[in-house]
Visitor: 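Sharing a structure with you now.
Quantities reported herein were computed from a predicted structural model and do not represent experimental measurements. These values consider heavy atoms only, across backbone and side chains, with no hydrogens, waters or symmetry-generated copies.
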Amino acid sequence: MISAPRGTSDILPPDSSLWQHIEQCARTLFQRYGYAEIRTPVFEHTELFVRSIGDTTDIVEKEMYTFPDRKGRSLTLRPEGTASVVRACLEHKLFSLGKLLKFFYAGPMFRYERPQSGRQRQFHQIGVELFGTSSPLADAEVIAMMVRFFEATGVRNPTVILNTLGDTDSRSAYRAALLSFVTPHLPNLCPDCQRRAERNILRVLDCKVPSCKAIFSSPDTPRTISSLSSSARAHYTAVRQALDALHIPYTEDPTLVRGLDYYTHTIFEVRHGALGAQDALGGGGRYDNLVREMGGPDVPGVGFAIGVERLVMALCQASVPPTSRAPDVALIAHDEQALRDNLVLADILRGRGLSVLTWYDLQSVKAQMRQANNAKVRWAVIQGEDERHHGLLKLKDMRVGTERLCSLDELVTILSANLPS
Ligand code: HAM
């Protein structure tokens, strides 16, 4: 037997209806904020991710699914969505200075990580990207939209964790402070961190090796907040004020840095207590230099992505039930002729918007009724020799058990009038 590759999973009913519920919530809510859907390829040129996410990040160094195609070009299964959205906007010349662009996306992402609960090699994100404003109000609205989205799906008590990396000047000052803190510890750091210290000091803070983590979580570790320029400090204050005005609670965590190089200013995560070690339901932040660094105009951006598998886990723990819709009507057949007639009747009813349960092989009426009951069907239509002889069908209201005989036209009218909203 061939099984699914490690770190991937099948999404089966009834869980798949929870996925549809999540996607539906996203589409409805994001549309209210003016976001339109964008769909980008699942694989891109490797260079795109190396340049945007950063060549010294864990994602690029260790986690990408990179392969040569048949012509020897290096391609990578996308590990995240932001880089592809920026690439698509550049390619289709969507950026122009001062113009707002709002996109959302949903789809699979790929990272070669060690699988565990809430961490997969193929996982799914729903994300948004807003381009064209550097206003702190945009940061606050994006964070609020993420929280409202979790609330709409049924998650209880998501926690917003907030920090800022500041602007380019603040980040250079922070890098210098971090480097002087790290230098005396260099001999005790793992080889990866020793390399990171040389090439991209900020990334030492992503290290998962316990001895390195212990050093970087000490109270003496420099915090980004201490290196902020005055304009970066003002931006961060304005974000917090706007969140307060929106009544979005948040916890500030000066150690949050996020594992992608493109962030500037505001960064955030939403965590959920019931998820265990992989507790980030989603994360995001502002990235004011990315578009320019990718060869485009000076257009700032801010966005987030949520992990759908983790959201499903949180909803299951909150006992949010799958929301699959029961069939409206079951077509019960007494004989082979009725099976054939029901094929046509089902086609008519489905054309009227009804969800119809039918069978293809003859079973006892009792067995069909039992399955209709189990599926919580509202109506049953029974056709046997008797009914056929009189050109009629028997319609049973499964909620109350009443039955009536009707013509095909009457049946279609009655069922269409009772269509669920
Ligand atoms: P990220 O924090 O790398 O950000 O991923 C966002 C979310 O995807 C995580 O919080 C988590 O819920 C989920 N996730 C990540 N890796 C895995 C995994 N291996 N298994 C299951 N779920 C996972 C980004 O990807 C940025 N592009 C977000 C962004 C958009 N920033 C600005 N705009």
Visitor: Have Arg233 and Ser230 got a donor and an acceptor in their side chains that come within less than 3.5 Å?
Guide: no
Visitor: Could you state the interatomic distance from CG (Leu339) to CG (Leu331), rounded to the nearest 0.5 Å?
Guide: 10.0 Å
Visitor: For the pair Glu37 and Arg39, find out whether any cationic side-chain nitrogen is under 4.0 Å from an anionic carboxylate oxygen.
Guide: yes
Visitor: Side chains of Tyr105 and Thr40: is there a donor and an acceptor less than 3.5 Å apart?
Guide: no
Visitor: Would you say Tyr35 and Glu129 are linked by a side-chain donor-acceptor pair, where the criterion is simply a distance under 3.5 Å?
Guide: no
Visitor: Between Arg240 and Glu252, does any NZ, NE, NH1 or NH2 come within less than 4.0 Å of an OD or OE carboxylate oxygen?
Guide: yes
Visitor: Between Lys71 and Asp69, is there a side-chain N and carboxylate O pair less than 4.0 Å apart?
Guide: no
Visitor: Before accepting this row, confirm whether a basic side-chain N of the pair Glu44/Arg87 lies closer than 4.0 Å to the acidic partner's carboxylate O.
Guide: yes
Visitor: Between Arg148 and Glu151, is there a side-chain N and carboxylate O pair less than 4.0 Å apart?
Guide: yes
Visitor: Hey, are Tyr236 and Asp139 close enough side-chain-wise for a donor-acceptor pair under 3.5 Å?
Guide: no
Visitor: Have Gln125 and Glu80 got a donor and an acceptor in their side chains that come within less than 3.5 Å?
Guide: no
Visitor: Check Met313, Arg310, Arg271 against Gln278 for a side chain to side chain contact (heavy atoms under 4.5 Å, CB included) and give me the one that passes.
Guide: Arg310
Visitor: Without hydrogens or angle criteria, can the side chains of Thr28 and Gln24 be said to hold a donor-acceptor pair below 3.5 Å?
Guide: yes
Visitor: Salt bridge between Lys62 and Glu113, side-chain N to carboxylate O under 4.0 Å?
Guide: no
Visitor: Do Glu309 and His124 have a side chain donor and acceptor closer than 3.5 Å?
Guide: yes
Visitor: Other residues, nucleotides and ligands only: do more than 12 of their heavy atoms fall within 6.0 Å of CZ on Phe181?
Guide: yes
Visitor: Does a salt bridge link Glu269 with Arg258, judged by any charged N lying under 4.0 Å from a carboxylate O?
Guide: yes
Visitor: Quick check: Tyr263 with Tyr287 (ring centres under 6.0 Å apart)?
Guide: no
Visitor: How about OH on Tyr112, more than 12 heavy atoms from neighbouring residues, nucleotides or ligands closer than 6.0 Å, or not?
Guide: no
Visitor: Which value, rounded to the nearest 0.5 Å, describes the distance between Asn200 atom CG and Arg175 atom CZ?
Guide: 6.0 Å
Visitor: Fit a plane to each ring of Phe110 and Tyr65, take the angle between them on a 0 to 90° scale, and name the class: parallel (under 30°), tilted (30 to 60°) or perpendicular (over 60°).
Guide: perpendicular
Visitor: Classify the side-chain pair Gln120/Ser9 by whether it contains a donor and acceptor separated by less than 3.5 Å.
Guide: yes
Visitor: Within a 6.0 Å radius of atom NZ on Lys99, are there more than 12 heavy atoms belonging to other residues, nucleotides or ligands?
Guide: yes
Visitor: Determine whether the side chains of Asp167 and Ser229 contain a donor N or O and an acceptor N or O closer than 3.5 Å.
Guide: yes
Visitor: Does this structure show an ion pair linking Arg203 with Asp261, if we count only N-O contacts that are shorter than 4.0 Å?
Guide: yes
Visitor: Decide whether Thr224 and Asn163 meet the rule of one side-chain donor and one side-chain acceptor closer than 3.5 Å.
Guide: yes
Visitor: Is it true that Ser227 and Ser170 share a donor-acceptor pair across their side chains at a distance under 3.5 Å?
Guide: no
Visitor: Between Asp58 and Arg196, does at least one N-O distance fall below 4.0 Å, as a salt bridge requires?
Guide: yes
Visitor: Could you state the interatomic distance from CH2 (Trp359) to CG (Asp361), rounded to the nearest 0.5 Å?
Guide: 12.0 Å
